Participant: 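What follows is a structure written as structure tokens; I'll ask about it next.
Along the sequence shown, residues carry numbers from 1. None of these values were measured; they are calculated from a predicted model.
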Amino acid sequence: MPLLTTKEIMDIIPHRQPFLLIDTIEELEPGIRAVGKKCVSYNEPYFAGHFPEEPVMPGVLIVEALAQTGAVAILSQPDFRGKTAYFGAIQSAKFKRKVVPGDVLTLETEIVKVKGPIGQGKATAYVDGAVAVVAELTFAIGTGKNEK
């Protein structure tokens, strides 16, 4: 049983279909870490062109799913509720295996540093316990709607 459903995730982060890339949150320590799941379906729109003969989930979207998982963690704490977490940087990303339709991604993001509105996270995506992607991410917390 998930800790947070898709609807509850959408109450925390502003992402919506087709760009909401996490289905559930399985574990959550607000401000510290989150573990999410993404069921990769052949019906995902990007598979039409990436690649028609051998569908592979784009690595950048896996990194985005990891960032969204981290956003749930950081925006779940009271100080940041109702705000938006933006990418500040991707310090490193390594792609260890393909992610294909039928896979279930386990997305784990730990917030390792926060100073004011800027933070860093360590993120890992797994398929069947095997590492698919590792990344170090920097985020910036904005005020939410209509900010520049």
Participant: To which residues is Tyr42 joined in a hydrophobic cluster, defined by side-chain heavy-atom contacts under 4.5 Å among Ile, Leu, Val, Met, Phe, Trp and Tyr, whether direct or through other members?
Facilitator: none
Participant: Under the side-chain contact (heavy atoms from CB on, under 4.5 Å) rule, collect the residues that match up with Leu3, sequence neighbours excluded.
Facilitator: Leu28
Participant: Quick one: hydrophobic cluster around Phe51, which other residues, with the 4.5 Å side-chain cut-off, linked directly or via members?
Facilitator: Val56
Participant: Quick one: does Leu20's side chain get under 4.5 Å of Met10's, heavy atoms only?
Facilitator: yes
Participant: Are Val99 and Val104 in one and the same hydrophobic cluster, where Ile, Leu, Val, Met, Phe, Trp and Tyr link if side-chain heavy atoms are under 4.5 Å apart?
Facilitator: no
Participant: How far apart are the closest heavy atoms of Ala67 and Phe87, and which atoms are they?
Facilitator: CB-CZ, 3.5 Å
Participant: Where do Gln77 and Ile74 land on the side-chain contact (heavy atoms from CB on, under 4.5 Å) test, with the steps shown first?
Facilitator: CA-CA 6 Å; Gln77 63 182 5; Ile74 199 71; 3.6 Å; yes
Participant: How far does CG of Asp11 sit from OG of Ser76, to the nearest 0.5 angstrom?
Facilitator: 10.5 Å
Participant: Check whether any side-chain N or O of Thr24 sits under 3.5 Å from a backbone N or O of Pro2 as a donor-acceptor pair, and report yes or no.
Facilitator: no
Participant: Please identify each residue that fulfils salt bridge (charged side-chain N to carboxylate O under 4.0 Å, His left out) with Asp79, with sequence neighbours left out.
Facilitator: none
Participant: Show the numbers, then the answer: is there a side-chain contact (heavy atoms from CB on, under 4.5 Å) between Met57 and Val100?
Facilitator: CA-CA 6 Å; Met57 185 173 184; Val100 299; over 6 Å; no
Participant: Which heavy atom of Phe47 sits nearest a heavy atom of Pro55, and at what distance?
Facilitator: CD2-CB, 3.4 Å
Participant: Show the nearest heavy-atom pair for residues Ala71 and Ile13, with the distance to one decimal.
Facilitator: CB-CG2, 3.8 Å
Participant: With a cutoff of under 4.5 Å between side-chain heavy atoms, which Ile, Leu, Val, Met, Phe, Trp and Tyr residues group with Ile32?
Facilitator: none
Participant: Which residues pass the side-chain hydrogen bond (donor to acceptor under 3.5 Å, both in side chains) test with Thr124, sequence neighbours left out?
Facilitator: none
Participant: What distance separates Gln68 CD from Phe19 CZ, expressed to the nearest 0.5 Å?
Facilitator: 6.0 Å
Participant: With sequence neighbours excluded, what pairs up with Pro14 under the side-chain contact (heavy atoms from CB on, under 4.5 Å) test?
Facilitator: Thr84
Participant: Quick one: side chain to side chain donor-acceptor pair (under 3.5 Å) pairs with a partner in residues 46-56, sequence neighbours left out?
Facilitator: Glu54-Lys98
Participant: Show which side-chain atoms of residues 130-140 pair as donor or acceptor with protein atoms under 3.5 Å away, not counting sequence neighbours.
Facilitator:
{"residue": "Thr138", "atom": "OG1", "partner": "Gln91", "partner atom": "OE1", "Å": "3.3"}
{"residue": "Thr138", "atom": "OG1", "partner": "Gln91", "partner atom": "NE2", "Å": "2.3"}

Participant: Might you work through the side-chain contact (heavy atoms from CB on, under 4.5 Å) test for His15 and Leu21, ending with a clear yes or no?
Facilitator: CA-CA 8 Å; His15 302 77; Leu21 297 173; over 6 Å; no
Participant: Quick one: closest heavy-atom pair of Asp23 and Cys39, and the distance?
Facilitator: OD2-N, 2.7 Å
Participant: Side chains of residues 105-115: which donor-acceptor partners sit under 3.5 Å, not counting sequence neighbours?
Facilitator:
{"residue": "Thr106", "atom": "OG1", "partner": "Lys37", "partner atom": "NZ", "Å": "3.1"}
{"residue": "Glu108", "atom": "OE2", "partner": "Arg33", "partner atom": "NH2", "Å": "3.2"}
{"residue": "Thr109", "atom": "OG1", "partner": "Leu66", "partner atom": "O", "Å": "2.8"}

Participant: Enter the distance from Glu27:CD to Leu4:CG here, rounded to the nearest 0.5 Å.
Facilitator: 11.5 Å
Participant: What do the steps show when you test Tyr126 against Val35 for side-chain contact (heavy atoms from CB on, under 4.5 Å), and what is the final call?
Facilitator: CA-CA 11 Å; Tyr126 302 90; Val35 177; over 6 Å; no
Participant: Between the main-chain N or O of Val40 and the side-chain N or O of Asp103, is there a donor-acceptor pair closer than 3.5 Å?
Facilitator: no
Participant: Residues in side-chain hydrogen bond (donor to acceptor under 3.5 Å, both in side chains) with Glu8, at least two apart?
Facilitator: Thr5
Participant: Tell me every residue that passes salt bridge (charged side-chain N to carboxylate O under 4.0 Å, His left out) with Glu44, counting only those two or more places apart in sequence or in another chain.
Facilitator: Lys38
